[in-house]
Amino acid sequence: MSHFICKFIWVVHDSMGSTVRKAVIPVAGLGTRFLPATKAMPKEMLPVVDAPAIQYVVEEAIKAGLSDVLLITGRSKRALEDHFDRAPDLEHALEKKGDRALLDAVQYSSALGPLHYVRQGEPKGLGHAVLCGRQHVGDEPFAVLLGVDLIDDRDELLATMMEVQTRTGGSVVALIEVDPFQISAYGCAEISAIEGEDYVQVNSLVEKPSIEDAPSNLAVIGRYVLHPAVFDALESTAPGRSGEIQLTDALQRLATAEGKGSGVFGVIFRGRRYDTGDKLGYLKAVITLASERAEFGDDLKAWMKKFVS
Ligand code: G1P
C-alpha cells in the first residue's frame, strides 16, 4: 500500500465493464478483540502505520471507481465521521506553521468524501448491518467492504469482482484458500469451476463451520459485490450463528435460488491481504506495511533482523 499523502489524484481502476457505483462499509462492531484499546475509540481508527485502518478501506473503494460510500455506523463511532470531515482549527494551525506535508495528510481524508452514514441501532450481525443500507443503496448492485481485511493496492480484487457481478448478474464473494484448521473463523464456500472463466460458481455457503463439517478450505473474506436481491433474502433470514443475522446465510439462499438476482459466484484471491481482525494479524499488517515505507522501511528491516537474532 503506498503512502496516502501522495495520492490526491486518483487513478480510477479500469472497471469500465461494471455498473456498480456504491459501497457499503459496516463499522458498527464493538471491537472487543482489541479492548481496552477500543474502550473509547472505534477499532476502525486503530492506526496502520500512520493512517487509521478505515482510511485504507475507503481509499480502496474509491480507487475501484465506487463514487458513493456509505458507512453503517453505531454508538461511539463519532471519530469516524470526524476523520472524514474537515478540521478547520487544525488545518489553520498547520497552515500557520507552514507544514504543508501534514496539512495535505489532514485534508486528504476529507477530500475522499463526502461519505454517507446510517446507524445500525442494535448489534444484530453483519447481515443486519448490510440491510440497514437498503434505502440508500436502492435497487442496484453494490459492494460491501469489511474493515478487518486490507487488500494491498498493488493487487486488484474489487474491480475484478465488480466486472464478474456485471457479467453474471448475481452476487460475488471473494475467496482465499486457508489451512483447514482456520476455516471455522470464516464463511466457507463449496464451489465448481466454470469452463473458460476465471471465476467460480458457488454452490453453497456455510458460516464458520467446524473443520469436520467444512465443505472446503475456501474462506470468504471481507469483499462482496451483491445483487440487491440480497436485501429481500436478508429480510427473511432468521438469526443464525451467534444469534445474529448472517450475510452468509442470505447468500446461501441466493446461491440455490432461481430467477432475477440469484446465483453466487466466487473470485479466488491470491494477492496480498492483511487481516487486522485480531492482535497478531494487526501487528503483522503494521510491520509489513511499515517495512515498505520509503522513509523508514530499510531502517525498520535492519532493526528487525537484529532484534530477532
Ligand atoms: C464475517 C463473515 C464471514 C467472513 C468474515 C471475513 O465474519 O460473517 O463469513 O468470512 O467476515 O472477514 P466476522 O469476521 O465478522 O465474524
Side-chain angles (χ1 to χ4, degrees), residues 1-7 10 23-64 66 69-85 87 105-113 115-117 119-120 123 126 129-130 133 143-155 157-158 174 176 185-186 219-224 269 271-293 296-297 300:
M1 230 163 272
S2 48
H3 194 191
F4 61 85
I5 292 176
C6 317
K7 289 210 194 151
W10 299 113
V24 171
I25 306 181
V27 290
L30 294 176
T32 45
R33 277 183 250 184
F34 285 91
L35 282 171
T38 50
K39 183 179 173 191
M41 179 183 84
K43 67 168 190 257
E44 296 79 9
M45 289 303 291
L46 287 171
V48 176
V49 191
D50 53 6
I54 187 67
Q55 183 167 308
Y56 291 80
V57 181
V58 170
E59 195 177 348
E60 181 192 337
I62 291 172
K63 274 193 72 198
L66 299 166
V69 177
L70 173 71
L71 267 61
I72 311 291
T73 70
R75 215 158 267 288
S76 335
K77 299 284 175 163
R78 256 283 302 280
L80 290 168
E81 294 185 40
D82 289 344
H83 181 71
F84 292 106
D85 199 359
V106 163
Q107 289 177 336
Y108 172 83
S109 53
S110 57
L112 291 170
L115 308 186
H116 305 276
Y117 302 90
R119 272 173 83 132
Q120 180 186 18
L126 175 60
V130 171
V144 173
L145 293 86
L146 306 186
V148 287
D149 286 312
L150 302 187
I151 303 294
D152 197 298
D153 67 358
R154 293 162 293 187
D155 298 321
L157 173 60
L158 204 52
I176 58 163
Y186 295 93
V220 176
I221 58 165
R223 297 292 178 275
Y224 307 77
F269 182 62
R272 286 157 283 196
R273 158 187 174 255
Y274 311 106
D275 176 5
T276 63
D278 61 31
K279 289 176 204 169
L280 183 59
Y282 169 77
L283 291 171
K284 286 180 187 170
V286 173
I287 290 170
T288 308
L289 293 171
S291 69
E292 286 169 7
R293 281 295 183 79
F296 50 67
L300 177 63

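All values below come from the heavy atoms of this structure, side chains included, with hydrogens, waters and symmetry mates left out. These numbers come from a predicted model, not from an experiment.
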- If you round to the nearest 0.5 Å, how far is CG of Asp152 from CG of Leu157? 11.5 Å
- With distance as the sole test, does Tyr56 use its side chain to make a donor-acceptor pair with the main-chain N or O of Val48 at under 3.5 Å? yes
- Under 3.5 Å, side chain of Asp155 to main-chain N/O of Arg272, donor-acceptor pair present? yes
- Just how far is it from atom OG1 of Thr73 to atom CZ of Arg78, taken to the nearest 0.5 Å? 11.0 Å
- Close side-chain approach of Pro26 to Gln120, heavy-atom, < 4.5 Å: no
- Which one of Val27, Val130, Val24, Leu126 satisfies the side-chain contact (heavy atoms from CB on, under 4.5 Å) criterion with Ile72? Val24
- Task: Would you check if Ile54 and Ile25 make a side-chain contact, meaning some heavy-atom pair closer than 4.5 Å?
- Result: yes
- Task: Without swapping roles, check the side chain of Asp149 against the backbone of Gly222 for a donor-acceptor pair under 3.5 Å.
- Result: yes
- Item | Heavy-atom pair with the smallest gap, counting every atom of Pro42 and Ser76 | CG-O, 3.7 Å
- side-chain contact (heavy atoms from CB on, under 4.5 Å) with Val57: of Thr276, Leu146, Leu145, Ile151, only one passes, and it is Leu145
- Message: Using 0.5 Å steps for rounding, measure from the CG atom of Leu289 to the OH atom of Tyr274.
- Response: 5.0 Å
- Task: Show the numbers, then the answer: is there a side-chain contact (heavy atoms from CB on, under 4.5 Å) between Asp50 and Arg293?
- Result: CA-CA 11 Å; Asp50 53 6; Arg293 281 295 183 79; 2.8 Å; yes
- Task: Answer yes or no: is there a donor N or O on one side and an acceptor on the other, between the side chain of Thr38 and the main chain of Lys43, under 3.5 Å?
- Result: no
- Item | Under-4.0 Å salt bridge between Glu292 and Arg154 | yes
- Item | Distance (rounded to the nearest 0.5 Å) between Leu46 CG and Met41 CE | 4.0 Å
- Message: Once rounded to the nearest 0.5 Å, what's the spacing between atom OG of Ser109 and atom CD of Gln55?
- Response: 5.0 Å
- How close do Gly277 and Val148 get, heavy atom to heavy atom, and via which atoms? CA-CG1, 3.7 Å
- If you round to the nearest 0.5 Å, how far is NZ of Lys63 from CG of Leu112? 12.0 Å
- Minimum side-chain heavy-atom gap Tyr117-Leu71 below 4.5 Å: yes
- Arg223 versus Glu60: any side-chain heavy-atom pair under 4.5 Å? yes
- Query: What is the minimum heavy-atom distance between Ala290 and Phe296, and which atoms define it?
  - Reply: O-CE1, 3.5 Å
- Query: Could you go step by step and tell me if Lys77 and Arg119 meet the side-chain contact (heavy atoms from CB on, under 4.5 Å) rule?
  - Reply: CA-CA 10 Å; Lys77 299 284 175 163; Arg119 272 173 83 132; over 6 Å; no
- Query: Does some side-chain heavy atom of Val58 sit less than 4.5 Å from a side-chain heavy atom of Leu115?
  - Reply: yes
- Message: Is it the case that atom CZ in Arg75 sees more than 12 heavy atoms from other parts of the structure closer than 6.0 Å?
- Response: no
- Message: If I compare all heavy atoms of Pro47 with all of Val286, which pair ends up nearest, and what's the gap?
- Response: O-CG2, 4.0 Å
- Query: Given side chains that start at C-beta, do those of Leu80 and Met45 come closer than 4.5 Å, heavy atoms only?
  - Reply: yes
